[in-house]
Amino acid sequence: RLHYTPNGLDLARFRPDGPRAPLAPPGEGPVIGTVAKLRAEKNLARLLRACAALHRDGLAFRLVVIGDGPEEAALKALAAELGIGAITRFAGHVPDPAAAYRAMDLFALSSDTEQMPFSVMEAMASGLPVASTDVGDVAAMLGEAGRPFLAPKDDRALAAALRPLLTDGPLRHRLGMANRARAGGEYDQERMFRGYAALIDG
């Protein structure tokens, strides 16, 4: 991930404006996106089940899963079994993740365990609202405004966190812009470089 270093995130790369990758499945409604290795600890099955519950309730949306891994075949089969195969796209590895985030309307993380997930940082910088399981440093990353959209490690709880972001476009916009500002204040590599220089000069 050359766009991220221990010194911060390249905000010039991850931003709301710019080319959008044509990744959304056909259909209507906002695009839920996630970026993850398709491994057990990422628990993408939880996200699929949460989305299936929302779909059964009549909400219009699409889901795009970016990444590859050993669980890909099983997850595709589960999406079909749950009745959301037609509105779900497994996009695999995407060469330009910045354009991929711009294809989304909101970002979801369904992991069982994380530390400080780069995907959440990238989504924030891209101006996306985030619904996530309450794992690792995600609560601290999102701050107070994003905490209502954190969920226990439970399918129904994640569905409940996603629901208002699907149904309220102005809310998505406000949270996305707040996340972009927070990413710029906390994680921008240029800001960190300046901070390090000030420490050295001091």
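In what follows, residues are counted from 1 in the order of the sequence shown. This structure is a prediction, so every number in the text was calculated from the model and none was measured.
At distances below 3.5 Å, at least one donor-acceptor pair connects side-chain atoms of R172 with backbone N or O atoms of L165. Checking side-chain atoms of R20 against main-chain N and O of R102 turns up a donor-acceptor pair under 3.5 Å.
Placement of V130 and M104 within a single hydrophobic cluster is found when ILVMFWY residues are connected by side-chain heavy-atom separations under 4.5 Å, directly or transitively. The hydrophobic clustering, which links ILVMFWY residues whose side-chain heavy atoms are closer than 4.5 Å, places L54 and L171 together. In the hydrophobic cluster analysis, where Ile, Leu, Val, Met, Phe, Trp and Tyr join through side-chain heavy atoms closer than 4.5 angstrom, M177 is grouped apart from Y101. Under the 4.5 Å side-chain heavy-atom criterion for ILVMFWY residues, no single connected hydrophobic cluster contains both I66 and I84. Using a 4.5 Å cut-off between side-chain heavy atoms of Ile, Leu, Val, Met, Phe, Trp and Tyr, with links allowed through other members, F90 and I87 fall into the same hydrophobic cluster.
Using a 30° and 60° split on the angle between ring planes, F61 and H55 fall in the perpendicular class, above 60°.
R182 is linked by a side chain to side chain donor-acceptor pair (under 3.5 Å) to nothing, counting only residues two or more places apart in sequence or in another chain.
For P25 against A86, the heavy-atom pair with the smallest separation is CB-O, 4.3 Å. When all heavy atoms of P164 and F149 are compared, the pair lying nearest together is CG-CE2, 3.7 Å. In terms of heavy atoms, A21 sits closest to A103 at O-CB, 3.2 Å. In terms of heavy atoms, R62 sits closest to A24 at NH1-CB, 4.0 Å. The heavy-atom pair separating A145 from P148 by the smallest distance is O-CD, 3.3 Å.
Taken to the nearest 0.5 Å, the CG atom of L109 stands 9.5 Å off from the CE atom of M141. Separating the CG atom in L128 from the CG atom in D105 is a distance of 8.0 Å, to the nearest 0.5 Å. Rounded to the nearest 0.5 angstrom, E28 CD and L59 CG are separated by 13.0 Å. Between the CG atom in L48 and the CG atom in L63 there is a gap of 6.5 Å [rounded to 0.5 Å]. With values rounded to the nearest 0.5 angstrom, M121 atom CE is found 12.0 Å from N179 atom CG. Expressed to the nearest 0.5 Å, how far CG of L162 lies from CG of L47 amounts to 6.5 Å.
P30 places a side-chain heavy atom less than 4.5 Å from the side chain of L106. At least one side-chain heavy atom of S110 sits less than 4.5 Å from a side-chain heavy atom of L44. Annotation: side chain of R163 is in contact with side chain of D57 (closest heavy-atom distance under 4.5 Å). Residues V120 and F107 meet the side-chain proximity criterion, which asks for heavy atoms closer than 4.5 Å.
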Identify every side-chain donor-acceptor pair in residues 131-140 under 3.5 Å, counting partners at least two apart or on other chains, and give the distances.
residue, atom, partner, partner atom, Å
T133, OG1, S111, N, 3.4
T133, OG1, S111, O, 2.8

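Remark: D96 engages R13 in a salt bridge, criterion side-chain N to carboxylate O under 4.0 Å. Contact check on E71 versus K37 returns no salt bridge, with no Lys/Arg side-chain nitrogen under 4.0 Å from an Asp/Glu carboxylate oxygen.
Residue pairs meeting the side chain to side chain donor-acceptor pair (under 3.5 Å) criterion with at least one member in residues 147-159, sequence neighbours excluded: R49-D155.
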(Q) Checking E41 against E114 for the side-chain contact (heavy atoms from CB on, under 4.5 Å) test, could you report, in this order, the C-alpha distance in whole Å, the side-chain angles of both residues, the deciding distance, and whether it holds? (A) CA-CA 9 Å; E41 69 272 17; E114 291 283 353; over 6 Å; no

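Here the rule is side-chain contact (heavy atoms from CB on, under 4.5 Å) with L75, and of L38, T88, V65 only L38 fits it.
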